[in-house]
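In what follows, every chain begins at residue 1, and chains take the letters A, B, ... in the order their sequences are listed. The basis for the numbers below is simple: all heavy atoms, side chains too, and nothing from hydrogens, waters or symmetry mates.
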Amino acid sequence: MAKNFTTRKDDYAKWYNELVIKADLAENSPVRGCMIIKPYGYAIWENMQYALDKKFKKTGHRNVYFPIFIPKSFFSKEASHVEGFAKECAVVTHYRLKNDENGEGIVVDESAKLEEELVVRPTSETIIWDTYRNWIQSYRDLPLLLNQWANVVRWEMRTRLFLRTAEFLWQEGHTAHATKEEALEETAKMLDVYADFAEHYMAMPVWKGRKSESERFAGAVDTYCIEAMMQDGKSLQAGTSHFLGQNFAKAFDVKFLDKQNQQQYVWASSWGVSTRLMGALIMAHSDDNGLVLPPKLAPDQVVIVPIYRKEEDFEKVNQKALEIKEELEEKDIRVQYDNRDTHKPGWKFSEYEFKGVPVRIAIGPKDLEKGTVEVARRDTLEKSFYQATDIGAKISHLLDNIQQNLYNKAMDFREERTSTADSWEEFKDILKNRGGFILAHWDGTPETEEKIKQATKASIRLIPFEGYDEPGKCVYTGNPSKGRVVFAKAY
RNA sequence: CGGGGUGUAGCGCAGCUUGGUUAGCGCGCCUGCUUUGGGAGCAGGAGGUCGCAGGUUCGAAUCCUGCCACCCCGACCA
């Protein structure tokens, strides 16, 4: 049991904050709103990156890198895009510092003012589409399927580690296509990639759908998203994929000659996931004993702790532990053998439990006599003894089992906390007493959406692609509705 | 930017109301011995511009003024 650790029931927000700090994932930086991602947290992010990057490559994308600075004038070219991001942009205005003449230390050198101010990218559509103009002339240049891993800055008022920070890490895909159909297909395909990643790697079930007009990306024609339920019943947008139509092509004059020798504007998509996924991962599975990580993303899948009293015990235990480590590594299991004598076993147990290592193996003199090892799984906190023979296959199987169990648990939780509401009273009652997702009819107007949000703080998280399109009456106005949408309070 | 709160050792805090020896406590850290199957015990030790600046006073962590920083709750957002 972790010491001085807030429980979820006690204060969910505090539980999250403490978990991030105490599990050594990240900490606040000297710069307000920015975070320092620590080695353990970064290792998880690297595992996410690696898995996603493979999927991007497999679907035909290649990586590029565009500058962090964007000329201010680029931003004004797509009207709704500027409007969406203008309020949260950091701007570089000078390029030199100097010693203050009055001895007040280093100051900005006013004489070194930039001719054109540079915006620190909040997203890269503008600079990328300005460049695509030169890269695309013919239908033979299409499709152009590129992605970049980068940092972006959005000057947020209130921040929380991983969930919302002024600077965050992400990946942004930017694709160009000859036809609308192709661009739409790409938008849907990449959402599927995200959903697949969320479910199979993060062990986190997600809803797929489209955003309402008010939640749409600034500059997009349509925004698709995946939404996951956190353990407090709130929804977290885990990934977005945008159909940009010809908006950016027109703003940046990106045209190509088709087979009929006709000039046409290019069709576009963009899509991204960020370090926010770290927040999602933490809140999807962790418990009052600390972090719980799915084996596929855990930096260490197994930790081996040796138990001994005397030096001669250690030599024997150590030898066996090294054998087991090797057997596990042969099965491509990421394993850490912690034979430090600076910490006691009990301390190590607590430490790795708090850090969410999926499986712990303890080996002591008694195990050597019996030919066993003690195996503890983090997800259920169960301990059992395994015969040490063929340990690699057994643990490999156990890791698969844990991965699946985490998914099932998250899915059960989501199902249990998903309701349908057919009246306004019912809608309010569910939000107040149960929270979670509510499937309800909506008349399709931004006005109603806004009123519901004002009244309940719940917003439309997504409009499902399929399966919920039977007509009905809006839960708020009673006006005709084309189908149910998903309402929830959101991060 | 509105409302609330906090700045004292690496971290978490007490002390401030009612000014007065050398500023304390817990965790962590260092040394030694004993320990090691769920966060060890004992002994010794290191570590402080009390957020910053000014003022009141014989004397300020403590009282007064100004400033700064950070956190929480709102408005904005992936």
Close N or O pairs between protein and nucleotides 1-8 of chain B (under 3.5 Å):
none

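Rounded to a whole angstrom, the distance from the C1' atom of B:C16 to that of B:C73 is 27 Å. Distance noted for atom P between B:G10 and B:G4: 32 Å (whole Å). When the P atom is used for both B:A46 and B:C52, the distance is 25 Å, rounded to whole Å.
The six-membered or imidazole ring of A:His81 lies away from that of A:Trp129, with a centre-to-centre distance of 6.0 Å or more.
Across all strands, A:Arg340 comes closer than 4.0 Å to no nucleic acid atom at all (heavy-atom distances). Contact annotation for A:Gln237: backbone-only contact, meaning every heavy-atom pair under 4.0 Å involves sugar-phosphate atoms and none involves a base. Within the 4.0 angstrom heavy-atom criterion, no nucleotide atom of any strand lies near A:Lys211. Within 4.0 Å of A:Leu163, counting heavy atoms only, lies at least one base atom of the nucleic acid. Among the protein residues, A:Tyr491 comes within range of no part of the nucleic acid, since none of its heavy atoms lies under 4.0 Å from any strand.
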**Prompt:** If pairs are Watson-Crick or G-U with both distances under 3.5 Å, what is the dot-bracket string of RNA chain B, marking crossing pairs with [ ] and pairs to another strand with |?
**Reply:** (((((((..((((......[...)))).((((((.....)))))).....(((((..]....))))))))))))....
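Of the candidate nucleotides B:G74, B:A78, B:G38, B:A78 has the atom lying nearest to any side-chain atom of A:Thr165. Comparing B:A75, B:A78, B:G39 by their nearest atom to the side chain of A:Trp347 picks out B:G39.
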**Complete:** Going 5' to 3' through nucleotides 31-37 of chain B and flagging B where a protein heavy-atom sits under 4.0 Å of the base, S where only the sugar-phosphate is that close, and - otherwise, we get ----BBB
